[in-house]
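Quick caveat: nothing in here was measured; it's all calculated off a predicted structure.
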Amino acid sequence: MNGTPDRSTTWADALRRPWTALCAAAAVVLGPTAHTAAALVRANAAPLRQAPSPHRRL
């Protein structure tokens with residue numbers, strides 16, 4: 001009837017392409033890695049806490 005492809009067929013075709021699978025796998029692997037790296041950068045930027053020295057003189 002109309003010239004547009006069925007929506008389920010379009011998604012099925014897209015999921016079969018190797019680049020789609022590669023990008024999805026990269027997002028799953030690199031997403032948490034980027035979040036962890038950002039958290040480590042923030043932790044390293046925090047000022048150091050002054051801990052009491054274990055060799056205090058009484």
Worksheet item: Sequence neighbours excluded, which residues qualify as side-chain contact (heavy atoms from CB on, under 4.5 Å) partners of Arg17?
Response: Thr20
Response to the item:
Under a side-chain separation threshold of 4.5 Å, the hydrophobic residues clustered together with Leu22 are Trp19
Worksheet item: Which residues, ordered by chain and number, are linked to Val28 in its hydrophobic cluster, where ILVMFWY side chains connect at heavy-atom gaps below 4.5 Å, directly or through other members?
Response: none
Worksheet item: Which atoms form the tightest heavy-atom contact between Pro32 and Ala27, and what is the distance?
Response: CD-O, 4.2 Å
